[in-house]
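Working notes, structure below.
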Amino acid sequence: MKAINSILIPQFLDALARETAVLAPVKNGGDVYFRPWQPGAEIQWEQNSLLPPKNALFPQTEVLYKYELQGQDGEIHEENPGAEPQIIFGLRNCDLQSINLLDKTFLSGDYVDPFYQARRKNTVLIVFNCHQPQLTCFCTSLGVDPQGGEGADLVLYELEREPAVKSVMLYETGRELGMEAKTGKGEEILKKYRDFFSDFGKKPRPFTSCTLHFKTEGLAEKLRKMFEHPIWADISRRCLACGVCTYICPTCHCFDIQGKNAGDQGYKYRCWDSCMFSDYTLMAGGHDPRPTKRERFRNRFLHKLAYFMERYGEFLCTGCGRCLAKCPANIDISYVVKKVKEAEINAR
Amino acid sequence: MPASAEKIQLVNPLVPEKGKIIKVLRETPDVKTFHVTTAKGKPFVPMPGQLAMLSLFNIGEAMFSVTSQGERHLEFSIKKTGLLTDALHEADEGQTIGIRGPYGNGFPLEMLKGKDLLFIAGGIGLAPVRSLINFCLDRSGDYGRMQVIYGARTPADLCFKEDLFQNWPSQGLEVNVTVDQGDENWSGPVGFVPSYLEELNPEPEGKIVVVCGPPLMIKFTIQSLDKLKFEHKAVVTTLEKRMKCGIGKCGRCNLGSTYVCLDGPVFTLAQLDQMPVEL
Amino acid sequence: MNIDIGENIKTQAQTLLEKGEVRCFIGFEKGQFPFHSPPAFIDKAEQAGQLVWDDFCIANLSKYLINFSHLEGKIGLVVKGCDSRGIIRLIQDNQVSREKLVIIGVPCRGMKDASRAAAGMEEITTLPLAEKCTGCLYPNPIVYDVLIGEKVDASPKQRFKRVEEIEKLGLDEKYAYWSKEFARCIRCYACRNICPACNCRSCYLDQHRVNWNGKAVDVAENVNFNLTRAIHVAGRCIECGECERACPVGVPIMAVNRKIIRDINSLFGSYEAGVDLEDKPPLDWYRAEDPDGFR
């Protein structure tokens with residue numbers, strides 16, 4: 001087992017960043033964002049990032065191809081999906097699981113997304129295990145182990161019997177953090193930067209427990225019978241039909257394809273889209289199979305809690321709690337689950 | 001530790017191939033048929049009922065069913081209904097166009113084999129069904145009796161008139177055409193497709209029905225089929241949705257966990273009965 | 001005090017629903033956390049007990065009225081000062097009619113900043129006033145049928161403080177400042193959807209045309225979106241601050257809105273949106289004696 005002193009983390013990241021782009025959770029105003037690591041930046045250990053690191057693998061906007069027009073004629077120039085290597089440092093297990101879920105969408109089936117695949121292959125994930133949840137966390141309800149590290153290349157964790165301290169102290173006093181390689185890529189980093197690491201025998205500090213908790217047994221099955229249930233009209237009344245929940249969600253992955261044109265040339269780009277938007281399913285000619293926020297809201301939560309489960313065997317939610325913290329109308333997935341569980345199924 | 005980007009050789013399924021419109025035919029006041037080819041000839045070989053994404057680069061992209069194909073081209077019959085289709089209707093022969101596909105499952109050919117076939121279509125809904133009708137006519141030995149019931153708003157709005165009144169009848173297809181509103185030259189039946197269907201009163205025994213048309217027409221046609229005692233597993237329809245990717249990833253065309261672009265667009269009513277349907 | 005107000009609201013709602021005077025009553029209820037008091041929609045008198053009044057009833061309920069525009073019968077709702085200005089906004093924009101509303105007004109001492117509690121940064125008892133409440137000019141409801149509680153004095157602090165700070169910057173500094181702030185925008189349109197002044201049936205942002213303000217997130221598109229949104233509500237912004245509260249990435253949207261308010265006041269004379277039903281927004285009409293004529 002390897003360990004690294006917290007004092008050395010910035011230097012370790014400096015060393016990594018000299019060779020590869022490193023994204024790390026740093027303070028930006030009062031919030032935490034994944035930003036390219038720069039010497040002198042301060043790691044935020046306590047809080048999860050405001051936005052998930054999804055953008056690093058599935059950017060909010062990316063060009064698919066460019067084109068040129070000459071009268072009736074035209075040419076297409078495909079964009080190369082080649083991605084530069086990157087290291088995402090300090091992501092939490094909820095966001096790690098969300099990457100596993102994005103993998104299912106973008107890398108499985110007959111069609112593989114080459115942009116996502118190129119980025120994914122060139123990305124090293126260094127996860128920081130959680131030892132204490134935030135108020136809004138509920139990952140354990142969705143089967144995510146906050147110390148699982150499944151899919152990570154390297155796992156960083158606090159050690160047992162060390163007193164829990166706040167982030168600044170963690171830096172100032174210096175404390176040992178465990179580090180474990182999960183893949184060959186992780187091993188390579190431990191080997192290449194071995195000067196930063198010492199051998200250490202202590203166990204990881206266990207996770208306390210989420211204050212927010214619910215059982216998910218039978219949830220997908222119950223929801224399957226609730227498509228026409230009045231609950232959707234009822235809960236969605238509060239919803240503003242904005243895209244906050246979808247855009248801050250680590251697992252939401254719906255996209256749109258749009259274009260930009262300047263004279264005789266232009267490009268087509270792919271960008272995030274939100275199922276809550278009124279144009280999402282609107283067809284040419286004006287027909288909309290989901291005409292009101294009731295249908296849009298229903299689809300969003302059924303996608304997360306039932307449809308994705310049917311298609312890929314997992315919930316499309318990792319319990320990161322960002323929607324709890326950020327929905328301006330205080331609607332969140334745990335509230336919806338609560339309402340679903342309370343609902344009487346016969347009330348069709 | 002990746003020192004440099006790993007090279008990944010892939011074709012991006014979201015990027016179209018460059019094609020050309022080589023022929024434009026006017027079917028009705030608001031429907032035109034476009035023949036599309038690429039440098040390598042036919043863009044791909046679609047099965048009946050499959051789809052393709054067509055794009056005008058500086059306008060947009062949308063999903064269309066392939067209505068027919070030739071040796072070196074595909075045919076799309078397109079109604080003028082929005083930004084892209086308005087622009088397509090302005091396009092002349094020689095226009096460069098983006099094309100990608102084929103997408104979707106197409107019609108269940110195995111299920112149709114040996115059966116009598118009843119094709120019911122309304123308006124531009126005949127476009128996807130036509131690909132199947134021509135496919136079956138080419139292999140008429142594999143199928144039993146074939147019949148078409150087709151309706152449009154007015155006689156002028158009838159698509160594929162040559163097929164309806166010449167080609168298909170001459171190949172032994174029974175064609176029944178109705179219009180919502182006749183004109184001075186129209187001597188055929190007048191009325192909506194569902195009531196005309198009930199009037200014709202086809203026998204469900206040994207028959208598969210293929211229905212396509214606007215959502216309301218499909219809805220009422222299904223009610224009529226129920227009255228005529230057709231089983232839902234013997235009724236096939238093809239659906240339309242707003243689509244962006246065509247490959248089951250962008251999200252919007254789902255019916256429950258099913259993606260219409262990938263798992264559809266063709267479903268039996270029995271399948272749809274099991275799904276949360278938003279049409 | 002709050003408990004009394006809460007009980008009073010419950011009674012009002014219960015009576016209105018029992019007598020059939022309103023079809024639905026919009027108020028606040030307790031959410032997942034002590035620092036959440038989200039909007040509640042009460043259809044039956046026996047559900048009125050869910051209603052609460054506390055330091056977290058921050059949402060502007062007026063915006064929800066546009067969802068009831070086709071409802072036959074009346075709607076009851078609780079309003080703070082800012083919410084009541086939202087109602088005037090919607091009436092002036094012909095989105096709702098006064099006759100269809102039963103308004104329960106509550107003077108407001110300002111709501112607390114729940115976002116700090118949600119982030120675990122602060123205990124619920126020590127939470128500061130929400131940013132949107134710090135510049136409040138109208139804590140007392142302007143239109144109401146029933147007023148619950150005693151009127152409070154307005155003590156606006158720093159209404160134009162941020163505007164003044166930014167105005168002091170040079171041109172390049174301003175550009176850099178706003179580019180940086182707008183670069184964070186993720187285009188979720190929460191600011192639009194929560195705004196009582198954003199009540200177009202079909203928003204320009206939901207149109208699809210190449211080169212229209214598309215969904216691409218880059219500084220140019222983001223600046224275009226943010227400024228267009230601000231200009232669309234110019235002269236009609238009631239300063240409820242909901243846009244900035246709803247923004248998940250903390251874009252200082254009210255600084256833009258207040259800059260426009262200040263400019264309108266200096267160009268067209270003093271005007272407060274959503275305060276007087278009869279007084280038309282200055283950008284809605286032209287009069288010959290306008291201080292700033294056509295040039």
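Just so it is clear, the model here is predicted, and its values are computed rather than measured. Note on naming: letters A, B, ... go to the chains in the order of the sequence lines (proteins, then strands), and numbering restarts at 1 for each one.
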Examine whether an atom of [X] lies under 4.5 Å from a heavy atom of chain A, and if so say whether it belongs to the side chain, the backbone or both; otherwise answer neither.
{"X": "B/D263", "value": "side chain"}
{"X": "B/E93", "value": "backbone"}
{"X": "B/L84", "value": "neither"}
{"X": "B/T258", "value": "backbone"}
{"X": "B/L279", "value": "backbone"}
{"X": "B/L262", "value": "side chain"}
{"X": "B/K20", "value": "side chain"}
{"X": "B/P16", "value": "both"}
{"X": "B/E17", "value": "backbone"}

Should [X] and [Y] count as side-chain neighbours, where that means a heavy-atom distance under 4.5 Å?
{"X": "B/Y259", "Y": "A/R311", "result": "yes"}
{"X": "B/T96", "Y": "A/Q72", "result": "no"}
{"X": "A/L282", "Y": "B/R252", "result": "no"}

In this structure, are over 12 heavy atoms from other groups packed under 6.0 Å from A/Y312 atom OH?
yes

Does A/K66 have more than 12 heavy atoms from other residues, nucleotides or ligands lying within 6.0 Å of its NZ?
no

What part of [X] lies closer than 4.5 angstrom to a heavy atom of chain B: side chain, backbone, both or neither?
{"X": "A/S274", "result": "neither"}
{"X": "A/F308", "result": "neither"}
{"X": "A/E295", "result": "both"}

Value for CZ (A/R224) from CD (B/Q274), rounded to nearest 0.5 Å, stands at 10.5 Å

Over all atoms of both residues, closest heavy-atom pair of [X] and [Y]:
{"X": "A/Y307", "Y": "B/S257", "result": "O-CB, 3.3 Å"}
{"X": "A/T105", "Y": "B/K249", "result": "O-NZ, 2.7 Å"}
{"X": "B/K241", "Y": "A/P289", "result": "NZ-CB, 3.5 Å"}
{"X": "A/C254", "Y": "B/G251", "result": "SG-CA, 3.7 Å"}
{"X": "A/Y280", "Y": "B/C250", "result": "OH-O, 3.7 Å"}
{"X": "A/K268", "Y": "B/I59", "result": "NZ-C, 4.3 Å"}

Among the options B/A91, B/P13, B/G94, pick out the one with the most heavy-atom pairs lying under 4.5 Å from chain A.
B/G94

Give the member of B/K79, B/E240, B/K80, B/E61 that has the highest number of heavy-atom pairs under 4.5 Å with chain A.
B/E240

From the list A/E68, A/E75, A/E78, salt bridge (charged side-chain N to carboxylate O under 4.0 Å, His left out) with B/K18 holds only for A/E75

Do the side chains of A/D256 and B/R242 get close enough for a salt bridge, i.e. N-O under 4.0 angstrom?
no

One thing to verify: whether A/R298 and B/E278 come together as a salt bridge, which I'm taking to mean a side-chain N less than 4.0 angstrom from a carboxylate O.
yes

Closest-packed option against chain B by number of heavy-atom pairs under 4.5 Å, given [options]:
{"options": "A/L69, A/D73, A/N261, A/L64", "value": "A/D73"}
{"options": "A/K191, A/H287, A/H303, A/M309", "value": "A/H287"}
{"options": "A/D153, A/D264, A/N299, A/L302", "value": "A/N299"}

Please lay out, stage by stage, how B/Y103 and A/Y111 fare under the test side-chain contact (heavy atoms from CB on, under 4.5 Å).
CA-CA 11 Å; B/Y103 296 123; A/Y111 298 95; 3.7 Å; yes

With side-chain contact (heavy atoms from CB on, under 4.5 Å) as the criterion, how do A/Y65 and B/L14 come out once you've worked through the C-alpha distance, each side chain's angles and the decisive distance to 0.1 Å?
CA-CA 9 Å; A/Y65 59 94; B/L14 300 178; over 6 Å; no

